[in-house]
K.L.:
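I'd like to ask you about the structure that follows.
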Amino acid sequence: MVREANQNDLDGMLELYLYLHETCIPERNAKLRDTWEYIMNDPNYHLIVNEIDGKIVSSCTCLIIPNLTHGVRPYAFVENVVTNEDYRGKGYATQCLDYARDLARKEDCYKIFLMTGSKKETTLRFYERAGYERETKTAFYQGL
């Protein structure tokens with residue numbers, strides 16, 4: 001079932017992010033609690049999850065970003081697309097991306113985009129099958 005995360009999903013999300021690029025679950029401290037509260041209360045931050053038998057198996061983040069151009073229409077940014085290794089290849093991440101696209105349309109976004117650090121052709125083709133274009137924009141990155 002695809003849905004937006006709720007207050008009780010923190011543990012499931014932290015476990016799922018171990019399949020993204022995290023190497024450990026962060027320490028439970030005020031920073032973690034404050035960040036989770038911020039995410040849960042931000043109307044423009046949508047943490048989309050796919051839950052199977054009570055377990056979060058796939059997720060993506062969709063941010064709606066207010067904008068003064070393009071007729072004062074917002075745009076959406078998708079990040080942190082991840083699926084538990086045991087559940088890959090079953091369409092769960094695609095369902096999360098579809099949810100994000102539908103949400104962006106509902107919010108009258110003029111575009112939705114995502115960036116990936118992956119260079120694997122299978123990952124890039126996955127995003128193309130989900131409707132994203134490789135050649136339309138050029139992304140630049142600056143680590144901080």
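Note that the structure is predicted; figures quoted are calculated from it, not measured.
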K.L.:
So which of Val72, Asn67, Leu68 actually passes side-chain contact (heavy atoms from CB on, under 4.5 Å) with His70?
P.N.:
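It is Asn67; the other options fail the test.
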
K.L.:
Check Ser118 against Lys120 and note the closest heavy-atom contact, atom names and distance.
P.N.:
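Answer, listing the atom of Ser118 first, then Lys120: OG-N, 3.1 Å.
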
K.L.:
Is there a donor-acceptor pair under 3.5 Å between the side chain of Ser58 and the backbone N or O of Val82?
P.N.:
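Confirmed, Ser58 side chain pairs with Val82 backbone.
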
K.L.:
Between atom CG of Asp34 and atom CG of Asn29, what is the distance when rounded to the nearest 0.5 Å?
P.N.:
8.5 Å

K.L.:
Phe126 vs Leu97, test: side chain to side chain contact (heavy atoms under 4.5 Å, CB included). Steps then yes/no.
P.N.:
CA-CA 11 Å; Phe126 163 73; Leu97 292 174; 3.8 Å; yes

K.L.:
Would you name the heavy atoms of Glu79 and Met115 that are closest together and state the gap between them?
P.N.:
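So the minimum-distance heavy-atom pair works out to OE2-O, 4.1 Å.
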
K.L.:
So which atom in Arg73 and which in Cys109 form the shortest heavy-atom distance, rounded to 0.1 Å?
P.N.:
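For Arg73 and Cys109, the tightest heavy-atom pair comes out as NH2-O, 3.1 Å.
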
K.L.:
So Tyr87 and Asn50, side chain to side chain contact (heavy atoms under 4.5 Å, CB included) or not? Walk me through it.
P.N.:
CA-CA 11 Å; Tyr87 294 84; Asn50 203 331; over 6 Å; no

K.L.:
Taking a hydrophobic cluster as the set of Ile, Leu, Val, Met, Phe, Trp and Tyr residues connected by side-chain heavy atoms closer than 4.5 Å, whether directly or through intermediates, do Leu124 and Val81 fall within one such cluster?
P.N.:
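In one cluster: no.
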
K.L.:
Which heavy atom of Tyr75 sits nearest a heavy atom of Phe113, and at what distance?
P.N.:
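Closest pair (atom of Tyr75, atom of Phe113, distance): CD1-CE2, 3.5 Å.
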
K.L.:
Between atom CG of Leu63 and atom CZ of Phe77, what is the distance when rounded to the nearest 0.5 Å?
P.N.:
7.5 Å

K.L.:
Is there a path of hydrophobic side-chain contacts, each under 4.5 Å between heavy atoms of I, L, V, M, F, W or Y residues, that connects Leu47 with Leu18?
P.N.:
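Cluster IDs for Leu47 and Leu18 match.
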
K.L.:
Regarding Glu121 and Arg134, does a basic nitrogen lie under 4.0 Å from an acidic carboxylate oxygen?
P.N.:
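Yes, charged N to carboxylate O under 4.0 Å.
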
K.L.:
Nearest 0.5 Å, please: how far is CD in Glu15 from CG in Leu10?
P.N.:
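The CD atom of Glu15 is 10.0 Å from CG of Leu10, to the nearest 0.5 Å.
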
K.L.:
The test is side chain to side chain contact (heavy atoms under 4.5 Å, CB included); show your working for Met13 and Val49 and say whether it passes.
P.N.:
CA-CA 9 Å; Met13 289 306 306; Val49 300; 3.5 Å; yes

K.L.:
Where is the tightest heavy-atom contact between Pro66 and Pro74, given as atom of each residue plus distance?
P.N.:
CA-CB, 4.2 Å

K.L.:
Side-chain heavy atoms under 4.5 angstrom apart, residues restricted to Ile, Leu, Val, Met, Phe, Trp, Tyr: same cluster for Leu20 and Ile39?
P.N.:
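The answer is yes; both residues are in one hydrophobic cluster.
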
K.L.:
Report the distance from atom CG of Asn8 to atom CE of Met40, rounding to the nearest 0.5 Å.
P.N.:
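Here the interatomic distance stands at 10.0 Å.
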
K.L.:
Using a strict threshold of under 4.0 Å (side-chain N to carboxylate O), is an ion pair present between Arg101 and Asp98?
P.N.:
yes

K.L.:
If hydrophobic clusters are built from ILVMFWY residues whose side chains come within less than 4.5 Å, do Tyr19 and Val78 share one?
P.N.:
no

K.L.:
Would you kindly confirm whether Tyr99 and Val57 end up in one hydrophobic cluster when ILVMFWY residues are joined by side chain heavy atoms under 4.5 Å apart?
P.N.:
no

K.L.:
Roughly how far apart are Met1 CE and Tyr92 OH, rounded to 0.5 Å?
P.N.:
13.0 Å

K.L.:
Given Ile65 and Glu107, is the side chain to side chain contact (heavy atoms under 4.5 Å, CB included) satisfied, shown in steps?
P.N.:
CA-CA 10 Å; Ile65 302 167; Glu107 295 293 327; over 6 Å; no

K.L.:
Whether Asp9 and Arg3 form a salt bridge (side-chain N of Lys/Arg under 4.0 Å from carboxylate O of Asp/Glu) is what I want to check.
P.N.:
yes

K.L.:
Could you measure the distance from the CD1 atom of Ile56 to the OG1 atom of Thr83? Nearest 0.5 Å is fine.
P.N.:
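Those atoms lie 12.0 Å apart.
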
K.L.:
Where the side chain of Asn41 meets the backbone of Glu37, is there a donor-acceptor pair that is under 3.5 Å apart?
P.N.:
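Yes; judged by distance alone, with no hydrogens or angles, the pair exists.
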
K.L.:
Does any N or O in the side chain of Ser59 come within less than 3.5 Å of the main-chain N or O of Ile48, such that one atom is a donor and the other an acceptor?
P.N.:
yes

K.L.:
Looking at every heavy atom in both Cys96 and Cys60, which two are closest together, and how far apart are they?
P.N.:
O-SG, 3.7 Å

